[in-house]
2 protein chains.
Amino acid sequence: MSATTSGATRRTGTRALETAARKARLLAAATELAREGGYDAVQMRDVAARAEVALGTLYRHYSSKDQLLLAAMLDQTEVLRARIDQRPPRAGTPAERVSEVLRRACRALEREPRVTAALVSAMFSSDPDAIDVKRAVGDQLRGIIETAVDGGGDADVEVEAVVEVLGSVWLSAMAFWAGGLTDAATMAQRLDRAAHLLLD
Amino acid sequence: MSATTSGATRRTGTRALETAARKARLLAAATELAREGGYDAVQMRDVAARAEVALGTLYRHYSSKDQLLLAAMLDQTEVLRARIDQRPPRAGTPAERVSEVLRRACRALEREPRVTAALVSAMFSSDPDAIDVKRAVGDQLRGIIETAVDGGGDADVEVEAVVEVLGSVWLSAMAFWAGGLTDAATMAQRLDRAAHLLLD
DNA sequence: GGTAGGATGAGAACGCGTTCTCATCGAGCC
DNA sequence: GGCTCGATGAGAACGCGTTCTCATCCTACC
């Protein structure tokens, strides 16, 4: 009977939805705690408690603190990329486009400094099991730059190298900023100079 | 009596030397443990035991694990820089000089992969008290590149920006390599491409 | 020569990431 | 309906970075 099938499907769907909701609550709780006190304030017991989930369940879904934060970071970078793709920069030269995109991205990241610092810390953690998520995040960042460089055009080999370098500079800048070595303005200026240096 | 004075001086000198020797033993112990098992194998109790020093003494000299590793890293980068300054590259163009220096530096770092990975991990740690040492290490790396770019000449503003970008790329490359995201060959190739891209 | 003070040794104690144990609950299967 | 099995909850337990306590010793000062 189709009703039975649909009922069963709905029930399993419900279950899957519950799990998805739990994961979403976990990510939200981690982000909230990061917003309140940065990396150190994201304590696994607190994340689990705030998401109303047992500690073991948290670890079943995210096998370490860094994986949890990296999942949040991947979410955030995907949102960022979608938002940028939705309203791509219209400035003329590639350098200007890249500069604008990076400036926009930095503004978005600076809006929640503690959160960003926590996520960037996770990006540079030495957790060997987090390679895949890190690669995914790196791909998002590289993709953001790439679409800004060639406005929909094909990717040259030379362009690819430029994108790679810009991605490296971006990552280093975020690491320095998250580590307290430079402020946001310096970071933005450094990115701007790099973009013009490489694309003009 | 001069004998008394010299005796006292010798005694205080002895004391200072003992402290210096202790610090050196601590750095050596940390490096050894890192060589054997990377960042995770550098356990503070083990470092103290191997250096034949109490745990509290270790923490009096290096206020955290990351500061200990960063001190070792600063040592290593200073040695590296001195060695490079002693035999500077003789290739023609700045790009070739930088490429050679970075290749040499990478070879030196790859000789002890676990040690380097541990030190780089510390470089990207979120320890807020380690800002000064991190800056010193960053200055060393930037200095290495700078002397390679202008072979003793003056530093242009443009040159300074190029050096900064190359330093960022170097740091990112080491972070990716230490995190297991790329291998040594990729790292070297990326640095080479960046040098030629920025200096040719 | 005696004494205060800082450095060291030895080790317990604490915090937090991570793992483990066990009880419970709900969904699919007979 | 009874059963099995994977997911979850609750919380203890473990490992390691870090801090704290207290005894001891050595140097500087009087």
Side-chain angles (χ1 to χ4, degrees), chain A residues 4-26 29-30 33-34 37-70 118 121-122 125-130, chain B residues 4-26 29-30 33-34 37-70 118 121-122 125-130:
Chain A
T4 308
T5 307
S6 102
T9 316
R10 195 191 309 143
R11 236 173 273 145
T12 60
T14 298
R15 176 157 159 136
L17 281 182
E18 273 173 13
T19 332
R22 245 185 292 264
K23 292 186 77 168
R25 283 207 309 275
L26 285 169
L33 287 167
Y39 186 87
D40 290 340
V42 183
Q43 302 193 357
M44 298 303 265
R45 288 171 181 82
D46 293 347
V47 172
R50 188 169 295 212
E52 292 179 305
V53 149
L55 188 57
T57 306
L58 165 53
Y59 272 96
R60 187 170 308 108
H61 291 304
Y62 301 103
S63 60
S64 77
K65 173 174 175 173
D66 288 320
Q67 298 238 26
L68 171 66
L69 289 174
L70 283 168
S121 288
S125 80
S126 56
D127 188 341
D129 296 330
Chain B
T4 307
T5 307
S6 100
T9 316
R10 196 191 310 142
R11 237 172 271 145
T12 60
T14 299
R15 175 156 158 137
L17 281 181
E18 273 174 14
T19 329
R22 245 187 291 263
K23 291 187 77 167
R25 283 207 310 275
L26 286 169
L33 288 167
Y39 187 87
D40 290 339
V42 183
Q43 304 193 355
M44 299 302 267
R45 288 171 180 81
D46 293 346
V47 172
R50 190 170 294 210
E52 292 178 305
V53 150
L55 188 57
T57 305
L58 165 52
Y59 273 96
R60 186 169 311 108
H61 291 304
Y62 302 103
S63 59
S64 76
K65 174 173 175 175
D66 289 320
Q67 298 237 27
L68 171 67
L69 290 173
L70 282 168
S121 288
S125 79
S126 56
D127 188 342
D129 296 330

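The chains referred to below are lettered A, B, ... by the order of the sequence lines, with proteins before strands, and numbering in each begins at 1.
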Worksheet, complete the sentence: Here the distance between atom P of D/dT8 and atom OH of A/Y62, to the nearest Å, is 12 Å
Item to complete: Looking at every strand, decide which applies to B/E52 at a 4.0 Å heavy-atom threshold: base, sugar-phosphate, or nothing.
Response: sugar-phosphate
Item to complete: Kindly indicate whether the side chain of B/R60 and the base of D/dT19 share any N or O donor-acceptor pair separated by less than 3.5 Å?
Response: no
Worksheet item: Just how far, in rounded Å, is P of D/dC26 from CG of B/L17?
Response: 17 Å
Discussion item. Output the rounded distance in Å from CG (A/D66) to C1' (C/dG17).
Written reply: 10 Å
Fill in: Sugar-phosphate only, base, or nothing, as touched by B/V42 at under 4.0 Å among non-hydrogen atoms
sugar-phosphate
Discussion item. Let me spell it out: for each of A/Y39 and A/G56, pick the nucleotide of DNA chain C with the closest heavy atom. Which residue's pick is nearer the 5' end?
Written reply: A/Y39
Practice prompt. Examine C/dA7: is either OP1 or OP2 under 4.0 Å from a nitrogen or oxygen in the side chain of B/H61? Give yes or no.
Written response: no
Discussion item. Nearest to the side chain of A/K65, heavy atoms from C-beta on, is which of D/dG17, C/dG17, D/dG9?
Written reply: C/dG17
Worksheet item: How long is the span from the CG atom in A/L17 to the CZ atom in A/R22, to the nearest 0.5 Å?
Response: 11.5 Å
Worksheet item: In whole angstrom, what separates B/R45's CZ from C/dA12's P?
Response: 11 Å
Item to complete: Take the protein atom CE of A/M44 and the nucleotide atom P of C/dC20, then report the distance between them rounded to whole Å.
Response: 15 Å
Practice prompt. Measure the distance from CG on A/L33 to P on C/dG17 and round it to the nearest whole Å.
Written response: 11 Å
Worksheet entry | Which residues share a salt bridge (charged side-chain N to carboxylate O under 4.0 Å, His left out) with A/R45, sequence neighbours left out | none
Discussion item. Please pick, from C/dG9, D/dT8, C/dT18, the nucleotide with the shortest atom-to-atom distance to any side-chain atom of B/T57.
Written reply: C/dG9
Item to complete: With rounding to the nearest 0.5 Å, note down the distance linking CG in A/L33 to CZ in A/R50.
Response: 4.5 Å
Worksheet entry | From CG (A/L69) to OH (A/Y62), nearest 0.5 Å | 10.5 Å
Worksheet item: For the atom pair NZ (A/K65) and CG (A/D127), what is the distance rounded to the nearest 0.5 Å?
Response: 12.0 Å
Discussion item. Output the rounded distance in Å from OH (A/Y59) to P (C/dG17).
Written reply: 6 Å
Fill in: Distance in angstrom units between B/E18 CD and D/dC25 C1', rounded
11 Å
Response to the item:
Assign each of B/R22 and B/L55 the nucleotide of DNA chain C bearing its closest heavy atom; nearer the 5' end lies the nucleotide of B/R22
